[in-house]
Amino acid sequence: MNKKPRSLIRIIIPVVLTLVTIALIVWPMLAGGQYVVLDPKGPIGAAQKDLIIISTLLCAVVIVPVLIMSAVIVWRYRDKPENKNEYKPNWAHSTKAEVIWWTIPIVIIGLLAIVTVRYTYDLEPSKPLAHEKEPITIQVSSLDWKWLFLYPEQGIATVNTLNIPADRPVKFELTADSPMNSFWIPQLGGQIYTMSGMAMTLYLQADDEGQYWGSGANFTGEHFGEMRFDVNATSDEEFDKWVAEVKQQSQPMTQETYDTLAKPGTSNVAYYSAFPEGLFQKIVTKYVVDGKSAHSKHEGSSSNESAAGDKSLSVPKLNTSTN
């Protein structure tokens with residue numbers, strides 16, 4: 001007598017869970033929300049969105065039919081007095097079924113592999129972007145719990161705010177003077193780790209002017225949730241004007257200023273008209289012990305002198321001069 005309700009419940013639960021999942025996905029869009037990863041504003045973000053969509057559709061070719069068949073099978077073969085379906089308790093093999101449920105996943109996995117390899121190669125973080133304009137270099141250091149941005153070509157620095165020219169590649173050189181973090185501007189591209197003793201490279205580009213959201217995407221302790229920053233993409237003229245204003249209206253960053261800034265704690269947005277020459281390289285080589293970094297096996301092959309003495313460290317050669 002209780003078998004019918006149980007069969008119905010087995011159907012209702014998956015249906016309800018599916019509808020709730022769809023509602024959670026669609027509701028933010030209808031309510032004015034925004035999935036920033038799916039609203040890219042640069043070539044890297046757009047390519048990553050394509051990869052997400054292609055991968056999802058290929059997986060859906062397997063997942064959707066399986067979910068539908070699960071509900072159909074439970075309903076069709078439920079225990080009921082009038083069930084006339086053939087009963088085969090000793091059935092164990094079907095060549096046709098085996099071919100179908102092995103061939104389709106193998107083909108899907110093969111397609112996913114081809115697509116993933118192609119996009120992985122094209123989206124290699126340190127690969128320069130093809131563009132008629134030369135990239136601007138910005139050096140990024142993650143601190144506890146704030147972001148420091150150095151503009152070696154302009155000779156200025158900012159904290160927790162980032163200005164870039166639109167429609168121009170940006171070459172980010174990244175390191176950490178704190179626990180490992182992850183630098184992420186969702187609408188421009190995927191995240192990349194910042195690590196002490198290493199200098200990573202990431203190329204991004206904003207196609208349009210506007211303000212974008214940036215964040216640390218790695219847990220680093222008490223105030224990790226406050227490691228956010230605005231990314232302001234402006235025209236070349238507006239960017240140059242902003243640089244001039246920072247130079248005129250801000251105080252320079254001294255080594256003492258940086259040492260205070262590097263101490264654990266939160267920080268408001270700040271601007272500096274200059275910063276110590278070679279500061280980024282000093283941050284990269286700060287934790288050198290006996291001439292070697294803890295990450296020396298993962299770094300480049302070129303050798304630079306440590307700021308602490310005549311000890312060599314394998315790190316990428318970086319432009320750290322200020323204007």
Whether over 12 other heavy atoms sit under 6.0 Å from Q251 CD: no
pair L148-M253: side-chain heavy atoms closer than 4.5 Å: yes
Within-4.5 Å side-chain heavy-atom neighbours: Y258 and D177: yes
Backbone N/O of E173 and side chain of Q139: donor-acceptor pair under 3.5 Å: no
Side-chain (D230) to main-chain (Q211) donor-acceptor, under 3.5 angstrom: no
Exceeds 12 heavy-atom contacts within 6.0 angstrom, atom NZ of K241: no
Common cluster, W101/V107, ILVMFWY with side-chain heavy-atom separation under 4.5 Å: no
Nearest heavy-atom neighbours spanning L112 and C59: CD1-SG, 4.1 Å
Co-membership, hydrophobic cluster, residues I109 and I54, 4.5 Å side-chain: no
Aromatic ring pairing F149/W147, orientation class (parallel under 30°, perpendicular over 60°, tilted between): parallel
Minimum heavy-atom distance I192-P125, with the two atoms named: CD1-CB, 4.0 Å
Atom pair NZ (K41) and CD1 (I185), whose distance is rounded to the nearest 0.5 Å: 14.5 Å
Side-chain touch I136/I164, heavy atoms, less than 4.5 angstrom: no
Path from L111 to V62 over hydrophobic side-chain contacts below 4.5 Å: yes
Hphob cluster co-occupancy, V269 + I138, side-chain heavy atoms under 4.5 angstrom: yes
Minimum side-chain heavy-atom gap L123-Y203 below 4.5 Å: no
Side chain to side chain donor-acceptor pair (under 3.5 Å) pairs, two or more places apart, involving residues 106-125: E124-S126
W242 CH2 to Q154 CD distance, which is reported to the nearest 0.5 Å: 8.0 Å
Donor-acceptor pair between H131 and D167 side chains, under 3.5 angstrom: yes
T103 side, atom OG1; E98 side, atom CD - distance, nearest 0.5 Å: 10.0 Å
S215 side-chain N/O to W184 backbone N/O, donor-acceptor pair under 3.5 Å: no
E134 atom CD: more than 12 heavy-atom contacts under 6.0 Å: no
Any side-chain heavy-atom pair of P128 and K171 under 4.5 Å: no
Backbone N/O of L261 and side chain of K146: donor-acceptor pair under 3.5 Å: yes
Donor-acceptor pair, side chain of T158 and main chain of Y271, under 3.5 angstrom: no
Step-by-step side-chain contact (heavy atoms from CB on, under 4.5 Å) determination, Y193 to L174: CA-CA 8 Å; Y193 286 114; L174 307 103; over 6 Å; no
Side-chain donor-acceptor pair present, T257, T254, cut-off under 3.5 Å: yes
Over all atoms of both residues, closest heavy-atom pair of A157 and L150: CB-CD2, 3.6 Å
Test applied, ring pair (Phe, Tyr, Trp, His ring centres under 6.0 Å); reference residue, F229; option that passes from F183, W213, Y212: F183
Test item: D144 and H223 side chains (from C-beta on) under 4.5 Å apart, heavy atoms: no
Nearest-0.5 Å distance, CG of residue N181 to CZ of residue F219: 11.0 Å
Single-linkage hydrophobic cluster, 4.5 Å side-chain cutoff, M180 and V140 together: yes
Intermediate values then yes/no, side-chain contact (heavy atoms from CB on, under 4.5 Å), Q187 and D39: CA-CA 6 Å; Q187 289 183 279; D39 183 28; 3.2 Å; yes
Taking every non-hydrogen atom, the tightest pair across F239 and N163: CE1-O, 3.4 Å
Donor-acceptor pair, side chain of Q205 and main chain of L129, under 3.5 angstrom: no
Exercise: identify the closest heavy-atom pair between F275 and G155: CE2-C, 3.9 Å
Worked check of side-chain contact (heavy atoms from CB on, under 4.5 Å) between D259 and K263: CA-CA 7 Å; D259 292 340; K263 294 178 180 179; 5.8 Å; no
Interatomic spacing from CZ in F224 to CG in N218 - rounded to 0.5 Å: 9.5 Å
Separation between CD1 of I53 and CD of Q48, rounded to the nearest 0.5 Å: 12.5 Å
Flag side-chain contact, heavy atom, 4.5 Å: S250 against I156: no
Over all atoms of both residues, closest heavy-atom pair of F280 and A199: CE2-CB, 4.3 Å
